[in-house]
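The structure appears right after this line, and notes come after that.
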Amino acid sequence: MTTDRAEQHRTEQTNALDKSDGQLKTAHTFTFLGTGAGCGVPAFFCECPACEEARRDPRARRGDCGVMIEGGKRLVIDTPPDIRHQFNREGVKAFDRLLYTHAHFDHIGGLGELEYMVQLVTKEALPTYGSALALEGIGREFHYMTYCLDEHVLEPFDNVEYDGVRYTALPVTHAPGTFGYLVETPKTKLFYASDTGPLPPETVEAVRGVDVLVLDATFWKRNWNPNDHHSVQETIEEGFALDAGTVYLTHLAMHYDEPVTLAELEAYVEQYDRRVKVALDGMRFAI
């Protein structure tokens with residue numbers, strides 16, 4: 001990245017507001033509903049330093065991964081098991097479109113929470129997009145919910161245009177049928193991939209030079225599952241190799257392979273001059 005471009009992104013991110021700072025002066029915002037790996041932080045069964053930190057400090061707590069893009073309408077990516085609590089936290093009473101990355105429980109487990117939103121509020125099936133394999137998996141797990149969903153199958157590199165934003169489904173290295181989404185507004189090009197190992201070559205070319213990269217960073221140091229996930233260090237390396245403007249670490253387990261507290265992780269990324277940020281539940285920025 002050139003010095004001018006790096007400075008431009010530092011300025012943009014400095015000017016981005018989180019939800020506690022008031023109204024964002026932008027057409028669209030990107031909100032992290034959840035930023036944790038499958039077991040969340042704190043995990044109910046764990047007493048590691050990261051989980052104990054989260055019990056003391058609400059800022060360090062993480063629900064399972066999902067995000068929301070808001071402009072004139074709301075679009076949500078994934079329905080984690082924590083989604084009811086996440087929506088209550090963000091003051092969300094309904095939304096308009098749903099995209100799925102894949103059909104693992106930590107990304108679909110909250111779907112049942114939407115049934116009464118559809119019955120009582122929107123009163124029409126929710127337009128829902130994902131790969132054929134993702135939608136099939138959701139249908140198996142939530143067969144009683146399919147009447148609530150207006151399903152649309154996406155193939156790799158298909159796109160959905162909604163509310164002034166283009167979403168392009170890009171293949172990643174995780175479960176079969178898993179997508180990341182390239183999110184393009186008039187101002188920002190962002191790639192979101194909450195679960196992935198090293199990106200496939202065709203996806204690399206599609207996202208090279210993005211303004212914002214939001215990427216799986218499940219493991220701290222040793223990566224137990226390098227074909228399906230990243231470590232924090234690998235995410236940073238891949239983000240820089242892609243010439244991404246700002247890299248957000250998400251899908252953080254915080255206690256694999258060894259525990260790392262939020263305080264320690266935020267101190268670690270300081271060396272990257274604000275180009276790397278630790279995603280937090282409820283964090284919001286302009287796109």
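Along the sequence shown, residues are numbered consecutively beginning with 1. Quantities reported herein were computed from a predicted structural model and do not represent experimental measurements. The figures that follow rest on heavy atoms only: side chains count, while hydrogens, waters and symmetry mates do not.
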[X] versus [Y]: any side-chain heavy-atom pair under 4.5 Å?
X    : Y    : result
V247 : V269 : no
M68  : Q86  : no
V232 : L252 : yes
V160 : L75  : no
S194 : F32  : no
E52  : P42  : no
L242 : V210 : no
F285 : L190 : yes

M254-I236 co-clustered via ILVMFWY side chain contacts under 4.5 Å: yes
Please check if the side chain of [X] supplies one atom and the backbone of [Y] the other of a donor-acceptor pair under 3.5 Å.
X    : Y    : answer
H230 : T196 : yes
E53  : A263 : yes
E238 : L199 : yes
T203 : P171 : yes
R74  : A94  : yes
R62  : A279 : yes
T188 : T185 : no
T235 : D216 : yes
E113 : H85  : no
D211 : K189 : yes

Indicate whether any N or O donor in one side chain lies under 3.5 Å from an N or O acceptor in the other, for D78 and T101. yes
Please tell me whether T218 and H251 have a donor and an acceptor in their side chains that are separated by less than 3.5 angstrom. yes
Salt-bridge contact E205-R208 (side-chain N to carboxylate O under 4.0 Å): yes
Output yes when D163 and K73 qualify as a salt bridge under the 4.0 Å nitrogen-oxygen rule, no when they do not. no
Rounded to the nearest 0.5 Å, the CG atom of L33 sits from the CG atom of D64 at a distance of 11.5 Å
Please work out whether the ring planes of [X] and [Y] are parallel, tilted or perpendicular, with thresholds of 30° and 60°.
X    : Y    : value
Y268 : W220 : perpendicular
H229 : H174 : perpendicular
W224 : F219 : tilted

Is the number of heavy atoms from other residues, nucleotides or ligands within 6.0 Å of OH (Y116) greater than 12? no
Do other residues, nucleotides or ligands put more than 12 heavy atoms under 6.0 Å from E266 CD? yes
Between D195 and V172, which heavy-atom pair has the shortest distance, and what is it? O-CG2, 3.6 Å
For a side chain to side chain contact (heavy atoms under 4.5 Å, CB included) check, start with the C-alpha distance between F179 and I77, then their side-chain angles and the critical distance, and finish with the verdict. CA-CA 11 Å; F179 289 146; I77 301 178; over 6 Å; no
List the steps and the verdict of side chain to side chain contact (heavy atoms under 4.5 Å, CB included) for V118 and Y147. CA-CA 10 Å; V118 171; Y147 81 96; 5.6 Å; no
My understanding is that only one of V212, V165, V214 makes a side chain to side chain contact (heavy atoms under 4.5 Å, CB included) with F30; could you say which? V214
With side chain to side chain contact (heavy atoms under 4.5 Å, CB included) as the criterion, how do E90 and R284 come out once you've worked through the C-alpha distance, each side chain's angles and the decisive distance to 0.1 Å? CA-CA 10 Å; E90 300 302 322; R284 177 182 297 183; 3.3 Å; yes
Could you go through R89 and D281, starting from their C-alpha distance and side-chain angles, then the distance that decides it, and tell me whether this counts as side chain to side chain contact (heavy atoms under 4.5 Å, CB included)? CA-CA 10 Å; R89 184 193 68 217; D281 288 20; 3.6 Å; yes
With ring centroids as reference points, do Y167 and Y129 lie under 6.0 angstrom apart? no
Over-ring placement of R275 relative to F240, 6.0 Å and 45° cut-offs: yes
